[in-house]
Protein chains: 2
Amino acid sequence: MNGLTRKQEICITAARLFKSKGYAAVTMRDLAAEMGIKAASLYNHISSKEEILNEVILAIAKSFTKGIRNIRSSEDKITEKLQAVIAQHVNLTADYPFEMASLNNDWMHLGEGKKEYLNLRDEYELHFREIIKQGKSEGVLKNIDEEVILFSTLVTLRNLYIWIPKKGVVDRDKIINSLNQTLLQGIEI
Amino acid sequence: MNGLTRKQEICITAARLFKSKGYAAVTMRDLAAEMGIKAASLYNHISSKEEILNEVILAIAKSFTKGIRNIRSSEDKITEKLQAVIAQHVNLTADYPFEMASLNNDWMHLGEGKKEYLNLRDEYELHFREIIKQGKSEGVLKNIDEEVILFSTLVTLRNLYIWIPKKGVVDRDKIINSLNQTLLQGIEI
DNA sequence: GTCTATATGTGGATAGAC
DNA sequence: GTCTATCCACATATAGAC
């Protein structure tokens, strides 16, 4: 009725619970209760609890990596690329705040999918690092240790999910602008 | 033999496990195995799993709040206060990286102690926010939304535990300097 | 301070009826 | 697609011996 499969509904509900208690502390009975059904009924739509985590985390991890791959290979200037990275984080976080929490906090409970997740994360950081390096070599960014820039920027962006849901949906642009200032003006020449 | 009580040893070992899997996924058997004893033996030193979490989280939460209370009430200039806040985070994180992970990720599993933890956290953020406000009113900090400054700074500092253990013990000062640059130059006039 | 044995509860997951 | 009933593994925690 809402265009979602039952499996998708389960994953969305699960992500919300995972955010509040963490994957390990959420039981199939909790999840079922939240869906208004019994735990056994869940297994008509998913094969295991772990499969749900896989669905929740890998979908958004792929979006991030695909996005930054495009940003890096674009013809934009460095500053524009960095702004695009920030905007992607704000937008994906505003759309999927619960999934972002699992991505950050529950990835270690992935089974089958952990390797793929780690590959996606490594590729993401690789592109980000290369954008920063390019910025330094072009003289657009200050000569601060790449890893420090990468860490402090990425940590802020990855944790937006803690903070964005508190704000209204409307002020995405305001958040993007503020982050552009706070994050970029500390590192730009 | 090492100056630690058995209870302290248990809490230290527990914190290390909590960091890698999260509180909920660590069993008393895991913890006991890591200590080289049986699970039942743990209960001669602690009364419950939850008590361990309380010990781990509240000790470090108190240190942070006490520290920033002193920094705020000192006669230092704003820039020095902000640098002192950064230095406190780097030092406490370097000393207690595992406890920092629990502080960030496992506080929702506190029982008895949750209220106290939330009070400490609120007080911490209050002092931090007031330092930022004072900086803005004195014209030392840019006129960026306080909450954005607070969020992006605090999130970086709170997640140092992910990053600091990778570095050697030696370069605390280098990290403090880099963070001073990255975090402060984006917000200072 | 640690052990073995065990009580008691709850977790993920399956079988089969409707 | 959901239910009831149930299996079985594993969780926290206690009792009492050494």
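Note on naming: letters A, B, ... go to the chains in the order of the sequence lines (proteins, then strands), and numbering restarts at 1 for each one. Because only heavy atoms are used, hydrogens play no part in the values below, and waters and symmetry mates are left out as well, while side chains stay in.
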Problem set entry | Residue pairs passing the side-chain hydrogen bond (donor to acceptor under 3.5 Å, both in side chains) test where at least one lies in residues 57-71 of chain A, sequence neighbours excluded | A/R69-A/E123
Problem set entry | Qualifying ring pair (Phe, Tyr, Trp, His ring centres under 6.0 Å) pairs with a residue from residues 130-155 of chain B, counting only residues at least two apart or across chains | A/W163-B/F151
Exercise. Any Lys/Arg nitrogen of B/K19 or B/E99 sitting under 4.0 Å from an Asp/Glu carboxylate oxygen of the other?
Worked result: no
For this session: Taking only Lys NZ, Arg NE, NH1 and NH2, and the carboxylate oxygens of Asp or Glu, determine whether A/R6 and A/E9 approach each other closer than 4.0 Å.
Result: yes
Problem set entry | Atom pair CG/NZ of B/L150 and B/K133 - distance to nearest 0.5 Å | 10.5 Å
Exercise. Hey, what do you get for CD1 (B/I175) to CD1 (B/I86), rounding to the nearest 0.5 Å?
Worked result: 12.5 Å
Seminar exercise, completed: Whether each nucleotide of nucleotides 3-16 of chain C has a protein heavy atom under 4.0 Å at its base (B), only at its sugar-phosphate (S) or at neither (-) is summarised, 5' to 3', as BBB-----BBBBB-
Round to the nearest Å and state the distance from [X] atom [atom1] to [N] atom [atom2].
X      : N      : atom1 : atom2 : result
A/L42  : D/dT4  : CG    : C1'   : 15 Å
B/R6   : C/dG1  : CZ    : P     : 8 Å
B/H109 : D/dA11 : NE2   : P     : 16 Å
B/L31  : D/dA13 : CG    : P     : 12 Å

